[in-house]
Each structure stands twice: as C-alpha cells, then as structure tokens.
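Shown next, in structure tokens, is the structure this report addresses.
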Amino acid sequence: MSTDNTRDFVHEGYDVAYVQEKWLPVWDNLAPFKSGRPDDNRPKKYVLDMFPYPSGDLHMGHAEAYALGDVIARYWVQRGFNVLHPMGWDAFGLPAENAAIKRGIDPAVWTYENIAVQRASMRRYACSFDWDRTFNTCDPEFYRWNQWLFIQMFERGLAYRKASNVNWCPKDQTVLANEQVVAGLCERCDTPVTKKKLTQWYFKITDYADRLLDDMSQLEGNWPDKVLTMQRNWIGRSTGANVLFQIEGRDEPVTIYTTRPDTLYGATFFVVAADSELAAELAKGTAVEKQFAEYLEKIKAASDIDRLATDRPKSGVFLERYAINPVNGEKLPIWASDYVLADYGTGAIMAVPAHDQRDLDFARAMNLPVRVVVETGEEDPSVSGIATAGDGALINSGPLNGKPKDEAIAFINAQLERDGLGKAGRNYRLRDWLISRQRYWGTPIPIVHCESCGEVAVPLDQLPLKLPEAAGLDLKPKGTSPLGAATDWVNVSCPKCGKPAKRDTDTMDTFVDSSWYFLRFPSSTDHTQAFRSEDVNAWLPVDQYVGGITHAILHLLYSRFVTKVLRDMDMISFDEPFMRLLNQGMVAMDGSAMSKSRGNLVKLSDELVTHGVDAVRLSLVFAGPPEDDIDWADVSPSGSVKFLNRAWRLSGDISSAPGIDYSLGDVTLRKATHKAVNDAGFAVESMRFNVAIARVMELVNATRKAIDSGCGPSDPAAREAVEAIAIMLSLIAPFTAEEMWERLGHKPCVALVGWPKVDESLLIADALVAVIQINGKIKERIEVSPLISDDQLEISALAHPTIVEALKGATVTKVVTRAPKIVNIVISNP
RNA sequence: GCCCUCGUAGCCCAAUGGCAGAGGCAGAGGACUUAAAAUCCUCCAAGUGUGGGUUCGACCCCCACCGAGGGCACCA
C-alpha cells in the first residue's frame, strides 16, 4: 500500500497509487496493444499521435493529446480492430543542441535521457502504444532513411541547390523555411528574421502545388476546415496570364504576371521589384542610378516586419525608362518599388491603378495617371481613392470594349497567345522547401561536392552517413555548420571519380524527419529499407491522426508532399497520408497559456500524484469538445476522482457470479445500459468524447439507484450494467476499469473484452411523453407507446380534455403530427 | 480590410428543425456520524449575444449588427 498521505481520495475509494503500480507490470506482460501478431485476422486501423520532441518530461498538453488518442485507439480495439498505435520521438533539433552547448555535453546524451523520462511517463500514463515499433529520429537507423529519401529526391530533380535571399534567424544562426517564419518572426524563438544570400538545398514542393491543393477534396469533412483553409491560403494559387512587355533600349522583353489580363488597356505604368536583378540592370547607366542605389539601401535596411505593414506609404524611384504595352503600343514609365516582390511571379508588374488598390495608392503617391477600363458603376477611383475590382463591361479597351470580365480575359489570352505576346498562366504563393540547416544535431545531407563531378550523392550502400562525434566540435552557432570543423569527416574522395572532395556540411531541417516517419512504424524493425511497401499499404493511410494545430501548415503540408512523391515512385499506393485529423485544443490555466514566466504552470507530474492518472485523463477528456481549449482552472480533477470512486464502488456491490444470463435481468436497468452503450459508442465515433463520458456517468447514476432501491445487487442487469461501465471506462480510465473488472470476478485485460453488444430491442423505451402544442406553444403532455402511429396520436391529442377546452371556438387550420414525439395544432382564431 | 469559427444557468458544457438540460463544477438543504470528512438523497438556476426573416414549430436554417477567438493581409 502507498504511504503517500497527501492524496485526497483515500477515504471510501480505492488506493489509486497502489492500483496503478499493481496493473502496470500485468499489462507489460500481456501486451494488449501489440499490433504485429502474424496470425491476427482483425481488420486494421492506424491511430497516430504526433510524436513528441523530447525536450523534458511530458506536460499537460501531451497528457491531453495522448488521452484523446488513447480513447480512439482503445475504442477501436474494443470494437475488434487490430489497431496500430505507435509512438516514437522527433529527436533531432535545436533544443538538444542548445542544452548541450550550455552544459558542454553531447546532444545525444541529453536527448536519450529525455526520451527515457518521457517513455517511462507514457507507460505510467497507461498509453496504449505498441512499444515494439518505437524509434527515435536521431538514431542512425532512422536517419539513414532520411538520407535515402534525400537521394531519391535528388535523383528525381526534386532536391536541388540554389543561391537565394533566404530567411535567417540571427539567434539560432541558421536559415529557415518560409513556413518557419511567422509574421516575420522565427517560429521557434520569435526573433525577427533577416535576409541572407546563401546557396542552400531545396525540395521542389512547388511541383506538387496543384496536387496538394486539389487532393484536399479527399480530406474535406475529415480534417478541420481551418487547417484546409490555412493550407489553401499557404499554397495561394492564382490564375491569370503572363504577358511580354518590350523595354525601350533592351533587346529582351520582360514577362509580367497578372490576374487581370482584361485590364491591359488600363495599364498606366510599370513596376519592377526594387531588389530584383532586373531593377539593377534597368537602373544601370541612367541618370537615376545613384538615387536608385540609395533607395535600395534604404529598403534593405527595413525588416520583414516593417515590410508587412500594409498601410505603409508607397515609395519608389522612376528609372527614366519605358516599357511598351503590347496591346496598344503605349509607353509606360518604369518605376522600381518595394511594393512589388522580387520572388513572386517575375518580379515585374503592369500597374492598373483604376482597378488595383496597391497600384492606385502608388499612382496617387507619385502623381501617375489613372485610366478606368472596367465600368463597374462605382465612383471614379481617381476621385474616391478606392480601386474598383468588380466585374463590368470593358471600356477604353479596343476590341475588349463591351465585354464582361471573364469573356474579356478569355479573348485577350487567346489574342496574346496568337501574337506570341503571352498566354494564360498560374502562380503560387508557395515556395520551394528550404531544407539546409547550419546546425549540428540533424541528419547530414548525403552529398559530396567534387570539383570535377559537382554534387555527387553518397552511394546508398554507404548509408547511414553518420554525424561526426560531437566531442571536439564547437557546436556554438556561428552561421556555418559545426560539421565543417570535423576535417576528417569533411574531406573524402569523390564517390564518382575518386579525387579529393568535400562533404556537404549542412544538416537537414528536422521537418524532413517527420515528413515520412508515419511510414516507418509498420516496418520499423526492418533495417534493410525505409519501409516495406506491403506493410505500409496494408496499414496506411493513417485512419486517425491526433495532434496540435501548430502543425497546420508545416508538418502536415510536408508530409502530404512526401507522400505524393513516394506515390509517384510507386512505393506506396495512396495520395494522402492522414484520412482524419483531430487538432486537440491547448491546456491553459487561468485564462492564458501556461508558462513558467507567467507563473501559471500546472505540472502534470504534480496533478498525477494528487489525483491519479485516471482522474487526470478523465478530466482532460471530459472538459469539453476535444478541439476546444481547456482551462485547467475550470476543470475539477477531484470531481473526476469522486466519479471514478463511485463507479469503482459499484463493482464491489455486485453479488451475482460472472457469466450470469443478463436476459433474465431487470428490464428498466437493462434498457439504461444498452442505451448508454449505444449512445456512448456513437459519441466516441463522432469525437464527442465529453458526451460519451456523460452517458457513462448517467449509467453509473442509474445503476447506483437500481442497486440501492431498485432491482438490487444480485440482479443480472446490475452485473450487466457495471461490466458495461468497466468496459466503457477502459477507454478513459484504464486503471479503474481494470480494477473494476477484477472485482467483478474477471481476469485482465478489460481493454480486450470487446464493446458490449447492443440489443436493439432494448433501445425502445416502454412509454414516451408526447407533447401537444397549439400554435407551437406547449399545452399538454401525454404518455404514449413508442410505436404509436401519427393518426392514433393525433386522435388522442384532439380528444384530450385540456385540448378540447383550449380549442373551443377556434378554427383548426392544420395539425402537424410527428409520432411519437409531438402534435402541433394550428388554429387561426383563439 | 477580407475570410472562418463560436456566443445556452454563477462556471465548464449537452440538445437530427420538435418538451431548452444530458453530464459535471460551484451553491443550498437533508440522511448517516458524538462531530467532521467521505458517502447517499433532494433542491436551486438560463429561455439560448441583439434585431429581423423563413417555418405549423428555430439554440439549430437565412440576413444584419454586437462581442470573443483564429486565419489571411502589398502574392499583382
């Protein structure tokens, strides 16, 4: 027995600490959630919780997510499915490296220590994971397949290196993918991101933009709309046209992208991104070259955050050069400005101030002409200052005059294409995924740079390309990868020609690891390949994915991308990795997110000691809909303790023997049981876990009453009810459920006994109360058979004394009857 | 500025267009107890953010507004 006397539940309840210790070894031994048994004929389901970063022990957020994932996984096990519910660690990344620098130890040591702590906590938290399949991404046996994946990408032209102005986090001293920059700040440390010109590795996710967008139709209704919207916004597809403009004094024309080719006749000037090469070229040798250079310096100094402010006044420099509008030969003055982005489209635009607000703002600031070419019926933009973006008949537009927008676009696109001056095109906001990182604790990029052969992939039989030992390396962030200092590691002979060459010293973004880890679980013990296609195709796609909304774009978009690449390689047979997605809410305290600095941190370990594992799990799941945030101040773990004790006490009251024939039991209680089982199952399948728990609470209350003042403890219905309660509770409160099951005279595991079978005939109530309304207002209630017909109910309603009285002198215009629930009598005069 | 979601007892939350309350927390009273705790029983409370509309009937569907949260926001 426990000697801990700080707990508040010792009184009439069971000893939680003792029960927890009692069952863990039993479960270890029975391994109820092992999913790899070869003779297992059960249908398959794959339930996956996003794997954690091992930054310390588990916290309340983990506790909520894993409690929810567990309800789903355990439910499908009870329903007779062979459930794959694995767990692993997203073990590469900066926190380990930063901790290692601080303490002067190997990041691996810190990482593996934390993994051990988390794993032990997950066991004590009774997570239904299949531990046979676990892995850590920092293990060479995992990351060698990261390297394999990289080489597959490289060989297909989907991994490439280019020089570009990249996002740079000055604090972490590494580059970031676009997805890792949130509102101009580093997603990880909130430091303002700067730009740096670097040659880096990219994955060509833009090749998959259309499929990433279009395949979302498969996810509609099964993923939160919010996430789908965020991904759509992120990909940002637009349709329009690419149009060639000649530049005076330049041989080559310049292509611009526009979504409104119908407004070509309304172009009154031309703008190039000030930080583009084109701008520099056009400015060169002109009288304004110096002015341009000064402007460029000024805008380069401005941070991304400044640039993001939309109400910033427009600025720019007239380059004293001209572009020729291809449809009417007009000379358009060319300006350089920072309101045009160098890396979207071609970095050059035609400006149509009448119908584009940004162009209008610029025109007004620079005193440039405004020409209306779409008759929208709104006020003249040059007067109102508001560009008119709507549809209408084209004017001042030559052959387009009189046409509506869509027709004009089709016409002009065809004409441009015919004349070789342009054609319809699409553009995306999505950029290629920058995967190089200048840090130590990640997967080495398996490329050798050779002066004669260029970029050469490390031969597959030489994988894993292991990280050099951390000992002796300076891991401090300094803007270049620490791997560069590992001379013996860096200097190799070229795999192709054998001449001296150098390894790539960057490591991969850790999102590469998580972009395919879910494929590894079905065959994680196979060390000859990344995954066995037959196993992956048998288990995947993931039936239910559970994790935080923070990965709405990053991890989920990358995973979808890699899945499609592997599909194209014929290695897997599905397009989308995650069929259903649940984003659990956050756990807050007193109205704000928990944090040490706020002083409102609730320690999971403390809560577990005070209330027990089951009560914490129950509290988190019962607190509300899973996707809602939970305020720990609003939930009552001690209330959960009380409820669990109440349920547990029932199991000790039952005086019948196991195996008794339920059909002889009290019908009223049996009906309550079958309704609860039916409704709770439906609620779980609809992810309304809080409602499922309410149904179990109801049944506990009904059973208490039945035992105390109804059919009594020996009635078979009482046993049926309490056994059903134990089984349903096994999804949420596994210790209590197992303890109840044992007290009911059974052997473990309650987790495997199967969801109680619902007898449909017991779902029909004996008698119901039907409501009689007059003009929608309730006048009377009558007890009726659940099988009553509309006609019978209407007759009884109209014959009821109260109704007869109420209808005196009134004209009945209509009677609406919905047996067995309601009769509504519509009268015209009272 | 645009888009999405949500507003139900003191609080957290339920309710296929059909009796607004399932469940819990908090509160009140009672039983048991020498007393307290625990347990058991009973009770209490909103007319669904506001204003319109559709309907025999609206928390639910439609429109507008108010409030909260989230996403997007020089992407041509």
Side-chain angles (χ1 to χ4, degrees), chain A residues 8-13 183 224-234 236-238 240-241 256-261 263 267 271 273 307-312 314 337-341 343-352 355-359 361-362 427-431 549 552-553 618-619 622-625 627-631 633-640 642-643 645-646 649 676 679 683 688 690-701 704-705 708-709 768-778 780-781 813-818 821-827:
Chain A
D8 62 0
F9 45 74
V10 287
H11 306 285
E12 290 293 314
D225 286 340
K226 200 177 174 180
V227 175
L228 295 175
T229 305
M230 284 169 75
Q231 293 215 356
R232 281 198 189 95
N233 285 342
W234 188 260
R237 179 164 71 193
S238 77
I256 60 105
Y257 174 72
T258 176
T259 55
R260 293 295 302 275
T263 62
V271 190
R307 206 184 154 122
L308 281 169
T310 47
D311 48 2
R312 223 162 41 105
K314 293 278 185 286
S337 172
D338 67 346
Y339 90 89
V340 169
L341 306 176
D343 62 351
Y344 182 80
T346 58
I349 64 153
M350 67 168 189
V352 184
H355 308 296
D356 182 288
Q357 191 61 47
R358 299 154 298 185
D359 296 344
D361 293 343
F362 192 82
N427 244 314
Y428 304 87
R429 218 187 73 122
L430 181 71
R431 304 290 197 277
I549 187 84
I553 295 170
L618 175 69
S619 300
F622 184 57
E627 58 277 1
D628 285 9
D629 288 348
I630 295 173
D631 195 322
D634 289 336
V635 307
S636 170
S638 57
S640 298
K642 261 163 71 175
F643 164 72
N645 275 324
R646 228 163 115 74
R649 239 177 282 120
D679 293 358
R688 286 146 55 238
N690 53 326
V691 178
I693 293 170
R695 295 289 96 83
V696 181
M697 288 175 166
E698 244 175 313
L699 183 59
V700 166
N701 292 342
R704 179 78 267 154
K705 200 170 266 182
D708 290 348
S709 56
L768 292 172
V769 173
V771 173
I772 308 170
Q773 301 178 331
I774 292 176
N775 285 351
K777 294 209 170 73
I778 296 156
E780 193 53 76
R781 295 176 166 86
T813 50
K814 191 173 184 179
V815 181
V816 182
T817 307
R818 296 285 180 273
K821 286 181 174 171
I822 199 163
V823 181
N824 188 14
I825 302 159
V826 187
I827 58 177

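Note: hydrogens, waters and symmetry copies are ignored here, and every other heavy atom, side chains too, is used. Convention: sequence-line order gives letters A, B, ...; per-chain numbering from 1. Note that the structure is a prediction, hence the values are computed from the model and not measured.
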Check the distance between B:G70's C1' and A:Ile549's CD1 and give it to me in whole angstrom. 9 Å
Hey, are A:Asp356 and A:Arg260 close enough for a salt bridge, meaning a charged N less than 4.0 Å from a carboxylate O? no
C1' gap between B:G67 and B:U48, integer Å: 16 Å
Distance col, row A:Ile349:CD1 vs A:Tyr344:OH, nearest 0.5 angstrom, shows 12.0 Å
Donor-acceptor side-chain pairing of A:Asn701 and A:Arg646 below 3.5 angstrom: yes
Would you indicate which nucleotide in B:C19, B:C13, B:C41 comes nearest to any side-chain atom of A:Pro625? B:C13
Base, sugar-phosphate, or nothing for A:Ser238, non-hydrogen atoms under 4.0 angstrom? sugar-phosphate
For the side chain of A:Asn824, starting at C-beta, report the closest nucleotide among B:C56, B:A76, B:C40. B:C56
Base, sugar-phosphate alone, or nothing: which one does A:Ile778 contact when heavy atoms must sit under 4.0 Å apart? sugar-phosphate
Proximal nucleotide (of B:A76, B:A15, B:G71) relative to the A:Tyr344 side chain: B:A76
Partners passing side chain to side chain contact (heavy atoms under 4.5 Å, CB included) against A:Asp629 (at least two apart in sequence or in another chain): A:Met586
Please pick, from B:C56, B:C19, B:C72, the nucleotide with the shortest atom-to-atom distance to any side-chain atom of A:Arg781. B:C19
Any idea which of B:G70, B:A76, B:G57 is nearest the A:Lys226 side chain? B:G70
Considering only nitrogen or oxygen atoms on both sides, find all protein atoms under 3.5 Å from nucleotides 22-25 of chain B and state each distance.
from: B:A22; atom 1: O2'; to: A:Arg695; atom 2: NH2; distance (Å): 3.0
from: B:A22; atom 1: O2'; to: A:Glu698; atom 2: OE1; distance (Å): 2.8
from: B:A22; atom 1: O2'; to: A:Glu698; atom 2: OE2; distance (Å): 2.9
from: B:A22; atom 1: N3; to: A:Arg695; atom 2: NH2; distance (Å): 3.1
from: B:G24; atom 1: OP1; to: A:Asn701; atom 2: ND2; distance (Å): 3.4

Sugar-phosphate only, base, or nothing, as touched by A:Val826 at under 4.0 Å among non-hydrogen atoms: sugar-phosphate
Distance, P atom - from B:A68 to B:A58, rounded to whole angstrom: 30 Å
Using atom P of each nucleotide, how far apart are B:G29 and B:C44 to the nearest Å? 15 Å
P gap between B:U16 and B:G27, integer Å: 31 Å
I'd like the P distance from B:A9 over to B:A15, given in whole Å. 15 Å
Please state the P separation for the pair B:G70 and B:C56 - nearest whole angstrom. 42 Å
Write down the distance separating the P atoms in B:A31 and B:A36, rounded off to the nearest Å. 11 Å
Within 45° of the axis and under 6.0 Å from the centre of the six-membered ring of A:Phe362, does NZ or CZ of A:Lys314 qualify? no
Heavy atoms from C-beta onward define the side chain here; which of B:C56, B:C41, B:A76 lies closest to that of A:Arg704? B:C41
Checking B:A76, B:C19, B:C40 against the side chain of A:Asp356 (C-beta onward), the nearest is B:A76
Mind checking the C1' distance from B:C63 to B:U54? Whole angstroms is fine. 11 Å
Positive for side-chain contact (heavy atoms from CB on, under 4.5 Å) with A:Val271, one of A:Ile256, A:Val340, A:Asp338: A:Val340
Side chain of A:Thr259, heavy atoms from C-beta onward: which of B:C72, B:A76, B:G18 has the nearest atom to it? B:A76
Classify A:Arg237 by what it touches in the nucleic acid, base, sugar-phosphate, or nothing, heavy-atom distance under 4.0 Å. nothing
Can you see if the side chain of A:Arg232 gets near the phosphate of B:C4 - specifically, an N or O under 4.0 Å from OP1 or OP2? no
Give one of base, sugar-phosphate or nothing for A:Gln773, where a contact means two heavy atoms less than 4.0 Å apart. base
When you measure from the side-chain N and O atoms of A:Arg688 to the phosphate of B:C13, is any distance below 4.0 Å, counting only OP1 and OP2? no
State which of B:G18, B:G71, B:C13 makes the closest approach to the side chain of A:Arg818. B:G18
With a 4.0 Å cut-off on heavy atoms, is A:Val352 in touch with a base, just the backbone sugar-phosphate, or nothing at all? nothing
